[in-house]
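Report on the structure given below.
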Amino acid sequence: MERAFKGTRMDFAVLNRALVELEAFTPKRPHITISITDPASKKGKDYGEANLFPSDKRLDTLRLEFYDITESVGHYYPISKEQAQQIVDFVRGWKDKVGLIVVHCEAGISRSAAVAAALSKWLNDDDLFFFQNFCPNDLVYSYMLESIYGDLWGQMKTEYSYEKEEIDQPFF
């Protein structure tokens with residue numbers, strides 16, 4: 001699986017927890033990291049903060065905890081709008097100082113890919129790579145774009161959505 005995307009203005013690496021803890025997957029150039037893990041309240045040694053491999057090239061890290069779901073179920077909760085805004089604010093503070101953003105979650109498939117896709121749409125005007133290579137979490141992606149574009153996101157969703165008639169048409 002290809003985990004790195006070279007963008008026109010910002011590069012991204014989407015990793016899982018196991019890879020981000022290894023020296024071999026620690027970038028050798030200045031970068032920031034968005035670390036997404038399952039909440040620490042889940043018992044077990046593999047939960048809570050990831051043990052990022054130490055690096056003087058990692059200029060800052062934002063750590064967040066939420067589950068890879070799209071709606072609350074019992075004590076399990078998805079990303080909040082506040083967390084999406086935290087990510088956007090974090091990146092806003094660094095986007096002109098680094099050329100690489102590392103995003104990881106537990107599996108490196110859904111939450112991290114959604115964050116990277118939304119940030120790449122914003123910073124590179126291109127998110128296709130992430131949808132071709134991963135399974136971005138819809139809620140994470142939507143909340144991220146809402147935080148980035150504000151009220152314009154509702155208009156953008158309408159402009160880019162397919163008409164019902166097109167979807168109902170048979171392919172053959």
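From a predicted model like this one, the values you see are computed outputs, not experimental measurements.
Not a single salt bridge (Lys or Arg N to Asp or Glu O under 4.0 Å) links Lys57 to another residue, sequence neighbours left out. For Asp138, there are no salt bridge (Lys or Arg N to Asp or Glu O under 4.0 Å) partners at least two apart in sequence or on another chain.
No donor-acceptor contact under 3.5 angstrom links the side chains of Asp126 and Ser120, judged on distance only.
Within the structure, ring-ring contact (aromatic ring centres under 6.0 Å, His included) contacts touching residues 103-132 (residues at least two apart or in different chains) are Phe5-Phe129, Phe5-Phe130, Phe12-Phe130, Phe131-Tyr141.
When side chains are defined from C-beta on, Thr37 counts as touching Arg17, because their heavy atoms get closer than 4.5 Å. The shortest side-chain heavy-atom distance between Glu2 and Phe134 does not fall under the 4.5 Å cut-off. Using a 4.5 Å cut-off on side-chain heavy atoms (C-beta onward), Leu119 and Met10 make no contact.
In this structure, the separation between CZ on Phe53 and OG1 on Thr33 is 13.0 Å, given to the nearest 0.5 Å. Atom-to-atom distance recorded for Leu52:CG and Leu22:CG is 11.5 Å, nearest 0.5 angstrom.
Look at Arg29 and Asp11 and you find a salt bridge, because one of the NZ, NE, NH1 or NH2 atoms lies within 4.0 Å of a carboxylate O, short of that distance. Salt bridge annotation for Arg111-Asp38: present, with a cationic side-chain nitrogen under 4.0 angstrom from a carboxylate oxygen.
A pairwise comparison of heavy atoms in Val102 and Val20 identifies CG1-CG2, 4.4 Å as the closest pair.
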